[in-house]
Amino acid sequence: MDLSSFSSIFLLFLFAFTLAEVGSVPTYFPGIYQSSLKKNGKTVKPKIPFRSHYFPQVLDHFTFQPKSYKIFYQKYLINSQYWHKGAPIFVYTGNEGDIDWFADNTGFMLDIAPKFHALLVFIEHRFYGESMPFGKHSYRSAKTLGYLNSQQALADYAVLIRSLKHNLSSEASPVVVFGGSYGGMLAAWFRLKYPHIAIGALASSAPILQFDDITPWSSFYDAVSQDYRDVSLNCYEVIKGSWAELNSISASDEEGLSELSRDFRACKKVSTIYSVRDWLWEAFVYTAMVNYPTEANFMMPLPAYPVEKMCKIIDGFSPGATKLSRAFAAASLYYNYSQTEKCFKLEDETDAHGLHGWNWQACTEMVMPMVVSNESMFPPSSFSYKEYVDDCVKQYGVMPRPHWITTEFGGTRIEQVLKRFGGNIIFSNGLQDPWSRGSVLKNISSSIVALVTEKGAHHADLRSATRKDPDWLVNQRKQEVEIIQKWISEYNLESL
């Protein structure tokens, strides 16, 4: 498996861009949010109840060379509607994308702000959205991208939070950090690295154990496949068999590619079957990730329990239909549930939310090896570290550091380690989320707890509450609120 497997086929989608090389296996970031709010065919930003601010942030927190002091303006959002001096500050540790999208998809914080009289702060990750240290040249080369990593991002958050508390004359306000996916990883790591700044962390769908060999490399795609198999064995087998039908089309078969383009309603003729493969692959993976119990408009507008809806489409076909045609019909639910697309862009996707920085992170510190097993509904694949390195060197001129994350933050034997020195972290997960396999699924101590639901999807708990939420989701959020309340109460008592 090469670098394209660890880049954004997403868009992120985490979301799906691919640096696709022939035969590569698309893989997905742990965090991105794809919104598909559109007006007149153009993506528009959501309207959110926050005010934008820009903090003068230093380029390099860890060296003292003259160039380290270069200033860039880091975007952050604030909602102070319910806050008063001394009350808690809830901070979202932004992930790989525009911070507005994260704020729009993290309604849980807004829901609980009145109860805690909390100030809400969403901080954008450096090198994403508007927070570009070198402006439009930020992605120019390794010389500029070298300042993009998780440690610099955490230091950004620490400096900004301290400055904000000082400027608000509210130094005693307790801070709780929140995050989902990569943002959840950052929230957990922030609590471990900066316990004097944050009294606790809610890390939702945070795959902090997806590194080295801590989690089986096949776990992600095995989990996706299990989601479909649990709904319908026929559905699973149809998707599994559709790849062989697709691969029967030769790369030099112009007539076959033309027919494939017509069958998949492509906006223009596809140049390779791998574009179709990635398009299908993305739909099945992201639908499993966002298999929410209510209708949602997260990565794409989707109905409640979209995996079930996809399988219902597949199972509804006559026995004589090809597996590939049934797979296309199911994937169309992901791309066109709103019935607004006249054709599908199978190639030349654009980076609407500025997520390309993840390619660099995947080539340096975020090395998450993945393979596809024979039990998966996707074509089997292996992982070649040599190919991975070659791709990174070719693209950026740098070599990955595959063990850096576990060196910097830990991960191996995490139960014994965190039990001795960690505290006040909630790891929340839903087992239908394929990223849950790389997260913490068991309590580590009385204050490092795992809240796990069988039916939950990718950080479903961070979404806004609705009247249609099932009891298991309501209860999960209730537990989170109770634990956060306990942290704050203990902090206030100790501060007397």
Side-chain angles (χ1 to χ4, degrees), residues 4-5 7-29 32-46 96-98 101 139 239 242-243 245-247 249 251 253-290 296-303 306 309-310 313 324-359 378:
S4 61
S5 303
S7 319
S8 42
I9 177 175
F10 163 14
L11 220 117
L12 223 200
F13 317 134
L14 103 6
F15 295 163
F17 290 113
T18 178
L19 305 175
E21 307 247 343
V22 173
S24 67
V25 175
T27 307
Y28 304 80
F29 305 160
I32 277 217
Y33 294 66
Q34 165 101 348
S35 176
S36 46
L37 294 174
K38 292 185 178 181
K39 185 176 182 180
N40 297 327
K42 295 182 179 180
T43 301
V44 296
K45 287 191 175 184
E96 67 286 29
D98 187 330
W101 299 111
Y139 291 174
I239 296 172
S242 66
W243 311 110
E245 292 184 5
L246 179 61
N247 290 335
I249 300 173
D253 183 0
E254 291 298 323
E255 183 177 342
L257 290 175
S258 295
E259 183 178 353
L260 192 63
S261 301
R262 289 192 299 270
D263 291 344
F264 275 70
R265 292 172 50 197
C267 295
K268 67 176 184 178
K269 182 181 174 182
V270 297
S271 59
T272 169
I273 63 170
Y274 297 109
S275 299
V276 176
R277 178 207 64 178
D278 291 353
W279 188 84
L280 291 171
W281 200 303
E282 176 187 344
F284 296 135
V285 168
Y286 284 122
T287 300
M289 283 174 56
V290 298
N297 182 13
F298 178 40
M299 285 151 66
M300 293 287 188
L302 287 171
K309 302 298 190 300
M310 274 191 172
I313 291 171
L324 191 57
S325 66
R326 284 181 270 184
F328 164 74
S332 296
L333 176 80
Y334 174 78
Y335 293 105
N336 197 26
Y337 175 62
S338 59
Q339 297 293 307
T340 57
E341 301 297 327
K342 295 180 179 179
C343 63
F344 297 117
K345 285 188 176 181
L346 275 66
E347 296 178 338
D348 301 325
E349 286 289 330
T350 57
D351 184 3
H353 305 299
L355 308 169
H356 273 152
W358 188 263
N359 297 350
F378 299 97

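Residue Glu341 comes nearest to Arg265 through the heavy atom pair O-NH2, 2.9 Å, listed as atom of the first residue, atom of the second, then distance. Gly256 and Asp253 get closest at one heavy-atom pair: N-OD1, 2.8 Å. When every heavy atom of Thr287 is checked against every heavy atom of Pro306, the shortest pair comes out as CG2-CB, 3.6 Å. Closest approach of Val290 to Met299, counting heavy atoms only: CG1-SD, 3.3 Å. Minimum interatomic distance between Ala330 and Phe284 (heavy atoms only, all atoms of both residues): CB-CE2, 4.2 Å.
To the nearest 0.5 Å, atoms CD (Glu245) and CD1 (Ile273) are separated by 12.5 Å. Within the model, atoms CD1 of Ile249 and CD of Glu255 stand 11.0 Å from one another, a figure rounded to the nearest 0.5 Å. Taking CG of Leu260 as the reference point, atom CZ of Phe328 lies at 10.0 Å (rounded to 0.5 Å). In this structure, CG on Leu280 lies 11.0 Å from OG on Ser275, to the nearest 0.5 angstrom.
Residues that satisfy the side-chain contact (heavy atoms from CB on, under 4.5 Å) test with Ile313, not counting sequence neighbours, are Phe317, Ala329, Leu333. Under the side-chain contact (heavy atoms from CB on, under 4.5 Å) criterion, Cys267 pairs with Cys343, Lys345, sequence neighbours left out.
Between the Asn247 side chain and the Trp243 main chain, a donor and an acceptor come within less than 3.5 Å of each other. When atom types are taken as modelled, the side chain of Glu96 and the backbone of Trp358 share no donor-acceptor pair closer than 3.5 angstrom.
Ring planes of Trp279 and Phe264: perpendicular class, angle over 60° (limits at 30 and 60°). Classification of the Phe378-Trp281 ring pair by plane angle, with boundaries at 30° and 60°, yields parallel.
Annotation: side chain of Ser332 is in contact with side chain of Phe344 (closest heavy-atom distance under 4.5 Å). Annotation: side chain of Met310 is not in contact with side chain of Ile239 (no heavy-atom distance under 4.5 Å). Contact annotation: the side chain of Pro303 approaches that of Tyr337 to within less than 4.5 Å [non-hydrogen atoms, C-beta and beyond].
With respect to Lys269 and Glu254, a salt bridge is recorded, a charged nitrogen being found less than 4.0 Å from a carboxylate O.
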Using the side-chain contact (heavy atoms from CB on, under 4.5 Å) rule, take Glu347 and Thr272 through it: C-alpha gap first, then chi angles, then the decisive distance, then the call.
CA-CA 9 Å; Glu347 296 178 338; Thr272 169; 3.9 Å; yes
